[in-house]
Amino acid sequence: MQIHNTLSGQKEEFQPLEPNKVKMYVCGPTTYNFIHLGNARPLVVFDCLRRYLAFRGYDVFYVQNFTDVDDKIIDRSRELGEEPLQLAARFIGEYFRDADALGIMRANIHPRVSEHMTEIVEAVGVLIEKGFAYVVDGDVYYRVRAFADYGKLSNRNLDDMLAGARVEVDGRKEDSADFALWKSAREGELFWESPWGPGRPGWHIECSVMSNRYLGKTLDIHGGGNDLVFPHHENEIAQSEALNGQKFVNYWMHNGFITINNEKMSKSLGNFFILRDVLDKYPADVVRYYLIATHYRSPLDFDDTKLEEARRALGRLKNTLVLAGEFIAAGAEESGTVAGESRLLAEIKQLELDFIEAMDDDFNTARAMGCYFEMARALNSFVAAGDSQDAGQRRELSEAIGIFRKLGDVLGIFIEAEGSRPEQVEGVLEIYVELRQAARKEKDWASADRIRDILGESGIQIQDGSEGSKCRYDGSPGLEALMGGLMELRVMFRGKKDFAKADLIRDELRKKGIIVEDTKDGARWRILD
RNA sequence: GGGCGGAUGGCGAAGUGGCUAACGCUGUGGUCUGCAAAACCACCAUUCACCGGUUCGAAUCCGGUUCCGCCCUCCA
């Protein structure tokens with residue numbers, strides 16, 4: 001298995017510290033707002049990586065922190081008049097709502113800065129003792145010149161950085177590149193006690209301390225967005241390696257950025273999309289698919305048409321599951337068992353190997369996705385040409401689809417959509433009303449009665465008045481049953497060659513985002529997400 | 001100024017020395033269908049920003065040019 005390591009700038013063979021175990025740490029959000037689409041990329045990417053490692057037999061221990069003490073949180077809390085820690089805790093809750101919706105597995109541990117102050121203060125103290133840090137007026141700075149390897153991750157040296165000269169000069173610092181480990185509290189600000197006076201930690205020290213606490217001095221994989229390479233991860237290395245005297249991280253992985261019109265999406269530019277707003281318009285599995293359909297290190301440009309495309313592509317994949325499911329369910333009796341030559345299974349297994357090879361190559365989800373679509377085509381093809389009455393074929397397809405689903409779960413693209421859709425129930429009832437009126441007009445009493453009966457089974461009374469019919473019901477009728485009824489009616493009208501009504505069902509549903517598809521002996525429906 | 005990465009068909013996106021340049025979306029033709037939808041089959045880049053070089057052979061390696069993004073300041 002090859003992983004691109006930012007430290008070397010190359011792909012390297014992955015060798016975990018302990019056989020079959022992976023210790024990984026991913027930088028989590030600063031919780032002062034809802035997360036945006038850009039935040040979602042590393043979440044999905046590293047969630048996928050984690051699932052894949054587990055699939056490959058590794059026991060993954062995954063830590064993701066929350067920065068719940070930070071200048072931005074303090075600023076925001078002033079704006080909103082809410083206690084900083086309370087505000088942070090609230091947005092941690094919101095974070096989980098979003099992450100859960102996206103199907104992100106929870107980390108084994110989600111440590112928070114506010115709960116690790118003792119260790120942080122202790123670590124800063126050790127850095128001072130060892131000569132890697134110094135105190136100025138209650139602030140503590142890391143002495144960058146003391147750490148010989150400073151710049152090894154981001155490939156820069158201190159002298160070049162000065163030449164760029166966009167670093168603000170703070171006369172109190174020994175070197176302009178020195179960064180804060182501890183910031184003294186200003187009047188009325190949130191603070192913790194320390195030997196250097198009341199204050200709070202600088203941004204970088206938390207990750208060093210918390211990863212050390214839960215994963216030890218050296219970890220296998222550390223992930224995060226590209227922009228964290230410098231200064232955040234560079235500083236983490238400086239702190240951890242100065243503290244522990246040994247290598248901090250074996251593999252550094254960084255995801256590329258999401259851009260809008262080829263410009264970075266960020267809070268500071270104001271061109272960001274809140275994930276929750278995106279999830280209002282597109283289902284979570286579509287967003288997830290979109291985020292992994294491109295290699296994780298490539299930039300990803302965002303606009304609505306990309307999600308539209310993702311929706312269609314993913315729809316094809318999901319449809320394979322539906323088609324195969326029907327095929328497998330078609331014949332109950334075990335008759336006509338002729339053991340097939342298993343060409344399908346052989347093909348699927350080969351594609352699974354291709355898939356694994358792609359993923360092993362620096363986690364190439366884009367290439368793996370290609371294999372996955374080829375699997376879908378093979379499965380669809382089998383369904384189209386096969387005989388569902390043949391138990392042997394059903395068994396073969398069943399085994400093949402098992403592999404297909406397993407790999408889909410590694411990618412996490414088959415998330416169940418949550419929640420009922422009351423607005424769709426209403427829409428469906430309108431169609432019933434229209435059908436009943438049409439049937440009554442034509443004195444097609446049998447059809448009209450059948451419509452009333454179907455509704456009755458869902459606890460809905462249809463009442464015919466002089467201006468039309470109305471539906472009355474208590475509670476929330478299930479969409480499934482109502483749709484099942486419409487499918488029955490469509491089949492019935494088609495049987496009578498009453499295409500006007502059969503088409504009315506299809507066309508009206510289409511307008512409401514539901515697709516009707518006729519099958520050999522019935523009809524099925526699906527929601528166009 | 002320094003560091004990193006990118007430029008592949010109508011769109012998105014794989015591919016790092018050699019079979020027909022994956023895969024998806026879109027489009028076109030066909031099969032199926034009452035008509036559709038879905039599915040299946042077929043077609044859609046003599047060409048990989050540009051110039052030069054290495055090589056029997058390059059989208060892939062080397063040199064140069066142009067354009068673009070990111071980092072050097074909080075940001076995934």
Side-chain angles (χ1 to χ4, degrees), chain A residues 6 9 11 26-30 32 35-46 67 70-72 75 151 154-157 159-168 177 203 223-232 234 254-259 262-269 272 289-290 293-295 297-301 303 305-306 308-317 319-320 322-323 354 358 361 364-377 379-385 494 497 499 502-503 506-507 509-510 515-520 523-526 528:
Chain A
T6 308
K11 288 183 194 172
V26 176
C27 288
T30 300
Y32 67 105
I35 62 170
H36 58 70
L37 190 62
N39 298 303
R41 164 115 102 148
L43 289 180
V44 170
V45 161
F46 291 109
T67 301
D70 178 88
D71 290 359
K72 289 191 294 284
D75 292 347
S154 54
N155 236 317
R156 54 190 91 203
N157 68 67
D159 301 316
D160 288 345
M161 283 171 57
L162 292 182
R166 263 210 290 166
V167 184
E168 207 175 301
W203 174 39
N226 217 329
D227 59 333
L228 294 184
V229 173
F230 190 92
H232 187 52
E234 194 67 73
H254 292 98
N255 62 274
F257 262 65
I258 293 185
T259 57
N262 290 317
E263 254 197 339
K264 176 179 171 176
M265 174 191 296
S266 75
K267 288 173 186 169
S268 46
L269 287 174
F272 62 95
Y289 170 88
Y290 159 73
T294 300
H295 185 87
R297 283 191 286 117
S298 302
L300 184 53
D301 199 54
D303 64 65
T305 64
K306 306 284 167 58
E308 201 52 54
E309 190 189 311
R311 165 187 303 197
R312 290 176 198 219
L314 180 61
R316 178 173 161 81
L317 260 17
N319 197 224
T320 293
V322 173
L323 294 172
D354 295 346
D361 181 14
N364 194 332
T365 49
R367 204 168 107 204
M369 204 61 87
C371 304
Y372 204 64
F373 275 101
E374 289 185 56
M375 275 180 137
R377 191 182 337 125
L379 291 162
N380 289 343
S381 210
F382 184 86
V383 167
R494 285 183 71 219
K497 304 252 187 256
F499 294 124
D503 286 355
R506 184 182 64 200
D507 297 344
L509 283 173
R510 176 75 217 223
I515 304 285
V516 174
E517 293 167 353
D518 297 324
T519 59
K520 254 183 251 168
R524 67 159 163 265
W525 59 280
R526 66 190 166 86
L528 191 67

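Naming: A, B, ... by sequence-line order, numbering from 1 per chain.
- Considering only side-chain atoms of R316(A), the nucleotide from A76(B), A39(B), C11(B) that sits closest is A39(B).
- Nucleotide C11(B) forms a Watson-Crick or G-U wobble pair with G24(B), both donor-acceptor distances falling under 3.5 Å.
- We find that the ring of F373(A) and the base of G24(B) do not stack by the test of centres under 5.5 angstrom and planes tilted less than 30°.
- The listed nucleotides are C40(B), A37(B), A38(B); the one nearest the side chain of R377(A) is C40(B).
- Of the candidates A38(B), C25(B), A76(B), A38(B) carries the atom nearest the R524(A) side chain, counting heavy atoms from C-beta on.
- Using a 30° and 60° split on the angle between ring planes, H36(A) and F272(A) fall in the tilted class, from 30° to 60°.
- The base of C4(B) does not come close enough to the side chain of R156(A) for any donor and acceptor atom to sit less than 3.5 Å apart.
- Not a single donor-acceptor pair, N or O on each side, falls under 3.5 Å between the base of A22(B) and the side chain of R367(A).
- Residue T67(A) places none of its side-chain N or O atoms closer than 4.0 Å to OP1 or OP2 of C74(B).
- Separation of the C1' atoms belonging to U46(B) and G57(B) is 16 Å when rounded to the nearest angstrom.
- Note on R297(A): every side-chain N or O is 4.0 Å or more away from OP1 and OP2 of G69(B).
- For A58(B), there is no paired nucleotide, since no Watson-Crick or G-U wobble pair has both relevant distances below 3.5 Å.
- Between the side chain of D503(A) and the base of G34(B), at least one donor-acceptor pair of N or O atoms lies under 3.5 Å.
- What separates CG of N157(A) from P of G3(B) is a distance of 9 Å, to the nearest Å.
- Between N155(A) and G3(B), a side-chain N or O to OP1/OP2 separation shorter than 4.0 Å is absent.
- Of the side-chain N and O atoms in R312(A), one or more sit less than 4.0 angstrom from OP1 or OP2 of U26(B).
- Pair check for U65(B) finds A49(B); Watson-Crick or G-U wobble, both atom distances under 3.5 Å.
- Here G29(B) sits opposite C41(B) as a Watson-Crick or G-U wobble pair (both hydrogen-bonding atom distances under 3.5 Å).
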